[in-house]
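Order of appearance sets the numbers: ligands from 1, and atoms from 1 within every ligand. Values below: all heavy atoms of this structure, side chains included; hydrogens, waters and symmetry mates excluded.
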Amino acid sequence: MKIIKTLALAAGIGALLSSASYAEGLSGKTIGFSQIGSESGWRAAETSVTKAEAERLGIDLKFADAQQKQENQIKAIRGFIAQGVDAILVAPVVATGWEEVLTEAKEANIPVVLLDRGIDAPEDLYLTSVASDQVKEGRVAGEWLVAEVGDRQCNVVELQGTVGSSPAINRKQGFEEGIAGAANLAIIRSQTGDFTRSKGKEVMEGFLKAEGGGANICAVYAHNDDMAVGAIQAIKDAGLKPGSDILVVSIDAVPDIFAAMVAGEANATVELTPNMAGPAFAALDAYLNAGTVPEKFIITESKLYTPADDPQGEYDRRKGLGY
Ligand code: AHR
């Protein structure tokens with residue numbers, strides 16, 4: 001069973017990565033990876049893709065799950081430095097508080113690559129950052145909603161990601177920019193759901209209760225699909241139809257949101273690829289083996305998907321990717 005799952009994952013990831021021969025120069029290198037945890041389906045896929053790619057490329061990947069705690073990440077990074085790894089990957093849980101440990105990595109001549117989230121620190125403390133344009137993701141979601149509702153008055157409730165994380169800050173800003181020109185749209189409630197399904201459901205239940213059982217809510221904007229899936233459940237439990245009584249727009253493009261679209265319960269998502277490791281390994285290969293310094297920011301695509309984009313096909317295409 002495990003072998004079949006691993007083969008399916010490898011096949012799915014093979015389809016995700018454009019070149020089979022990239023980063024082969026990393027074979028035999030040791031790379032530490034400080035991962036945030038497993039709060040969402042997207043996060044699980046990023047971990048699976050990174051591990052599978054490392055294995056395929058012959059990298060000795062030292063994986064550390066921080067269980068959502070920055071202090072665990074700092075500890076893991078210090079451990080990687082002490083082991084003398086060749087490079088470090090970090091998905092930083094929050095944006096602040098990294099200067100000291102990244103200075104230690106720099107002094108040890110260990111290049112650090114940020115994955116999927118940004119930090120507030122001098123740019124010379126990391127080699128490159130592989131992430132999406134998170135402000136754009138929020139803007140794309142907001143602009144979609146503006147077009148979808150037309151002239152209709154629309155009260156929006158917002159489920160924010162982890163407090164202090166770059167996607168929560170930037171996706172909020174982007175969405176506000178996206179709806180700024182539409183006087184008929186307003187965010188009436190906004191609270192963190194910590195990027196998890198259970199918290200998304202719990203917070204949405206509170207929103208529904210506070211807003212006339214949902215009668216006063218036109219749309220929910222969730223900073224990730226997992227919170228949207230939780231919100232969909234809360235809307236159904238309240239006796240309303242997600243996708244029509246309350247529109248649902250979110251970010252990530254995980255298989256479960258496409259399943260919800262097939263069921264008519266979700267309306268739009270903005271894709272975040274779980275393949276952050278591909279560009280990161282390519283950049284590290286070029287840097288460690290040829291001294292080539294990569295661009296400081298490697299930006300992944302942010303594509304909008306709606307029920308018009310073959311959600312069943314998108315579900316099928318993604319389900320083998322470790323979500
Ligand atoms: O940093 C990326 C975000 O973190 C994803 O959108 C979310 O699902 C994850 O937890």
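A salt bridge does not link Glu202 to Lys199: none of the charged nitrogens lies less than 4.0 Å from a carboxylate oxygen. Between Arg139 and Glu177, at least one side-chain nitrogen of the basic residue sits less than 4.0 Å from a carboxylate oxygen of the acidic one, meeting the salt-bridge criterion. Between Lys209 and Glu205 there is no salt bridge, since none of the side-chain N atoms of the basic residue sits less than 4.0 Å from a carboxylate O of the acidic one. Contact check on Lys75 versus Glu71 returns no salt bridge, with no Lys/Arg side-chain nitrogen under 4.0 Å from an Asp/Glu carboxylate oxygen.
Ranking protein heavy atoms by distance to atom 10 (O) of ligand 1, first place goes to Glu39 OE2, 2.4 Å. Looking only at protein heavy atoms, the nearest one to atom 1 (O) of ligand 1 is Asp116 OD1, 2.7 Å.
The ligand atoms of ligand 1 that sit less than 4.0 angstrom from a heavy atom of Pro167 are 1 (O). Listed by number with element, the atoms of ligand 1 under 4.0 angstrom from any heavy atom of Arg171 are 5 (C), 6 (O). For ligand 1, the atoms sitting less than 4.0 Å from at least one non-hydrogen atom of Asn224 are 7 (C), 8 (O), numbered in the order shown with element in parentheses.
Screening Thr292, Val293, Thr128 for a side chain to side chain contact (heavy atoms under 4.5 Å, CB included) involving Tyr287 leaves a single residue, Val293.
For ligand 1, one of its N or O atoms has an N or O atom of Arg117 under 3.5 Å away. The N/O atoms of Ser40, backbone and side chain alike, include one that comes under 3.5 Å of an N/O atom in ligand 1.
Counting heavy atoms closer than 4.0 Å to ligand 1, residue Glu137 contributes nothing at all. In Leu272, the part holding a heavy atom less than 4.0 Å from any atom of ligand 1 is the side chain.
Cation-pi contact between Lys106 and Tyr126: absent, since separation from the ring centre below 6.0 Å together with deviation from the ring axis within 45° is not met.
Inter-residue side-chain proximity for Asp133 and Phe297 is flagged as unmet; no heavy-atom pair is nearer than 4.5 Å.
In this structure, Asp252 counts as a contact residue of ligand 1, since one of its heavy atoms falls inside 4.0 Å of the ligand.
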